[in-house]
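In what follows, chains carry the letters A, B, and so on, assigned in the order in which the sequence lines appear, proteins first and then strands, with residues in each chain numbered from 1.
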Amino acid sequence: MIGRREFLAGLGAGGALLAAAGCRRRSDFPGRLVGTAERRGHGLFAPPRKPPARRERVAVAILGSGVAGLSAAWKLGREGLEDFRVLELEDQAGGNCRFAEYPESRAPWAAHYLPVPTREARATLELLDDLGLVRGWTPSGDPIYDERHLCHAPDERLYQFGRWEEGLYPHLGATPDDLRQTRAFYAEVERWQARRDKSGRRAFAIPVDLSSPEARELDMISMSQYLTSQGWTSERLRWHIEYGCRDDYGTSLESTSAWAGLHYFASRSPDRAGPPGALFTWPEGNGWLLRTVMERIAPRLTTGALVYRIAEVGRGVEVDYLDLGRGEPVRLAADRVVCALPAFQRARLLEGSPGFREFTCCPWVVANLVLDRPPEPGHGFPLSWDNVIYDSRSLGYVVATHQDLKARTAGPTVLTWYRSFVEDPSQIRWGLLGRTWESFRDEILADLVPVHPDLPERIRRLDVMVLGHAMVRPVPGLVWGSERRRAALPQGRIHFAHSDLSGISLFEEAQYHGVRAAQEVLEAGGVSFDSSL
Amino acid sequence: MPQLILLSVFVIATCGLVYELLAGTLASYLLGDSVLQFSTIIGTYLFAMGVGSWLSKFVVRGLLARFIQLQVLVGLLGGLSAPLLFLTFSHASAGAFRLLLYLVVFLVGMLVGLEIPLILRILKDRLEFRDLVSQVLALDYIGALLASVLFPMVLVPYLGLIRTACFFGLVNVGVALVFLHAMRSQLASRTWLGVQAGLAALALVGCFAASEHITRLSEEALYSDEIILTRDSPYQRMVLTRHRDDLRLYLNNNLQFSSQDEYRYHESLVQPALASAAHPRRVLILGGGDGLAAREVLRDPRVESITLVDLDPEMTRTFATHPLLTRLNEGSLTSPRVRVVNQDAFIWLEENPGVFDVILVDFPDPSNFSVGKLYTTTFYRRLRAHLAPDGACAIQCTSPMFARRSFWCIVQTLADVGFQVRPYHAYVPSFGEWGFCLATAREVPVPQARGERFLTPSTCAAMFEFPADLEPLPVEVNHLYNQALVRYYDAEWRAVIE
């Protein structure tokens, strides 16, 4: 006879069979792994031995076309210095602002939004104005933004217990104690937001370099230790805060510095006119911000260029790179160099550079799911721009067509799914690079199908990008440690720019360092300019 | 065969609870007051199960055959309960519906109550009593759990009430058929039982297939009028009803107009704007695919051209061709002075440069984030760019009575983009107190327009006065990034409906 246990086991086996049947249908759509940076970059392990025969010359060489590199080019161009070259390893410029172009829509490959800039992020505001996003100015001098580009409502929703709720805090099922702790945490955040030191600086500013050192002790401990020390043990609150860390830093509560963890919440204080908490977003994500800059510099951009040696020689700098298109090494002689590459690469490229071992990067996996129409919205709050699943290891997905002004958008769309890997990156990076498209596809469907059962039949294609070194990890000690400061100092005629010089990977930080490095170059060249910082 | 019988306990337990939930849900849908409905239905059902259990002692012979017949009966009655109740509700008096509701619940409950005692007796010689009771009851309760989870999350959203009922009816009959097959050696009257089960299955399958039709039959009755036309477009479901000489249009179940009093609405929307524009030659209508606003505009001989932008081609086509509808809109959509464009209004304003003397905005109420975009500062800024300096816009603004904050939010939003705004309101019996805004680039005097059947110069001016209970409330401006209006609207209309 059959016992209850066998019976239930039978039910389970039936479910597995059903799931297997479902899997067969799932694999009908095509897709591929995109992005080659990792394999190309690992060419650095075996650089060419002979000195290059092909020689080129330029006043300023910019290495890397991420936000930092392109911002340096933007600033040089604005000041009339046109004799520069940008070298990029990938075939597409933009770094973490790269995007995909599908017939259905553009969609981001990494960063997908920019909060309205803080007072201190002057270069960012200048860029937004340059791009035509400022419609006018208030009498008090605050910008009035073109609202079409601000993220439309509804912006965020969270899935738990089979339904969606607005926002990213899991209210459903929260106990009074959960809510009390959450209020206490946000009260503390507001206290930090309002705080200024004697010279008017905030404790948590963007750019990070403009912060006062008031809270620097918090950089010595982890966010987890900090929360525990405050008595904030609520699982929901900790999930909510960790979501921010995973999303902006690719770190867990344990691996995030408490300073960085608080920075996420306290840096964007509502002291500018305009909508509090508003952010800019576009179908292609932050690629929109760089498109104009890229068009301007297109003739001076070389993609498929693997830089393998940088050396100061006499009164100039030699940059040796491999032209991957022709398989030929090239020597680019420059008066000055803006090295807008991650700090961890310097030891391999730059003769006599220290190792900068404190800079570690987290890997990301980003997937674009092209759909013939949006999934059924599910119970509760309607489909939003950012859709997050509580207790999932993914970060959820954003909808590329969210900013569409059509009153009804039932047409094709692209969902961009994100996961950052908070585990020790040195342990998992190689494993990630060895994974197949099928294994990512299965992971993504396992994450999304329970929430959107109709998703498999809507997918036209699914592409996956693995970003092995996506963002710097603000582990305790990095932001306020001495290595970060040292890494930003110029070395002879070589200037450095990258978001990791801030210890946190934000658009504004990368742009700040790009513009700063460009200004160092301009100053050294005796060019007069208006500071954007 | 104890395994098979135990499996059936699980299945029939699921079915039994589904019928109970169906009756409760149906009663709360149709009668309201869900606490009362669920309590009394569950009470009746449990009591009936008790009666069934007691009655089981009178079943003495041929237990297996009786059990099979019981399954057929439960399946038939339970499976047909939802369609039967739906149709009764829409075609009989409330008293008759209630009577039938409790009768059906009682009968199903009684039959379900017979099931477990019979199973216990069938199995009593094959299992030890201790095992028997523990396994049968455990599976019974697990089945109930499965039903209670499946019902709200899968069955109601994906199958609907009628098909859920038929489906579980078929499951019960299926249990009967499986037993018939598996225990054919122990059954004498196999053929007769088979015929009973077959007929029941046939009835249930038929009902499952006809569920759309049944829904429509009951829908017709719910609209209380004759449905003369339904159209499904990618954008909306259009239902047109007629009761004597009253034509009513419903879009997604929301009343759009009643032919009895729509002239009040459309004169109020159209005439003040026509009166406030210096030279109303070029008119733009956004929404208004029914052609009724266009009809009012065409009465004015000064108007040279009307551009009507409505998203839904199905809507404008129907209102340009259906004889009852063209009689109502006086063939406005096929007038040589009218050009119909089927495009999204937001996109059309972006892509077309024209300037208009009068713009009439007749969109559905801002009941969701999609439509809410058409009431934002960004939209109104575009609208302004298309309005001649001495022109006038009129905007339908939902009810200042039922959705007071929503109404004043629209007024605020128009003012925020630099319009001179004159809010006004009119009484439209089928809608209630309804709100509009007159928006102009320069300040204009209160218009004293005359309409064909409703407005006189003095009553037109009076529309711009607001009584105390409709006065402004402090509200936020509606932006794309906050969609404050949709939130007001949702809260206010929910309060009205509940």
J.: Which heavy-atom pair separates B:Pro152 from A:His379 by the least distance, and what is that distance?
T.: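 Closest approach of B:Pro152 to A:His379, heavy atoms only: O-NE2, 4.5 Å.
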
J.: Show the nearest heavy-atom pair for residues A:Cys151 and B:Tyr481, with the distance to one decimal.
T.: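 That would be O-CB, 3.2 Å.
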
J.: Do B:Arg382 and A:Leu405 have side chains that get closer than 4.5 Å, going by heavy atoms?
T.: yes

J.: Can you tell me how far the OG1 atom of B:Thr378 sits from the CD atom of A:Glu147, to the nearest 0.5 Å?
T.: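 Here the rounded value is 4.5 Å.
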
J.: Find the distance between CD1 (B:Ile347) and CG (A:Asp404) and round it off to the nearest 0.5 Å.
T.: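 Those atoms lie 6.0 Å apart.
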
J.: Need one label for A:Arg135: side chain, backbone, both or neither, based on atoms under 4.5 Å from any heavy atom in chain B.
T.: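 Contact with chain B: side chain only.
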
J.: Counting only non-hydrogen atoms closer than 4.5 Å, does A:Pro382 touch chain B with its backbone (N, CA, C, O), its side chain (CB onward), both, or neither?
T.: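 A:Pro382 touches chain B through side-chain heavy atoms alone.
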
J.: Should the heavy atoms of other residues, nucleotides or ligands under 6.0 Å from CZ of B:Phe167 be counted, would the total exceed 12?
T.: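 It does not: B:Phe167 CZ has 12 such atoms or fewer within range.
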
J.: Counting heavy-atom pairs closer than 4.5 Å to chain A, which one of B:Arg381, B:Gln343, B:Met153 comes out on top?
T.: B:Arg381

J.: Rounded to the nearest 0.5 Å, what's the gap from CZ on A:Arg148 to CD on B:Glu350? Could you check?
T.: 5.5 Å

J.: Between B:Lys373 and A:Lys406 (side chain of the first, backbone of the second, donor and acceptor by atom type, cut-off under 3.5 Å), is there such a pair?
T.: yes

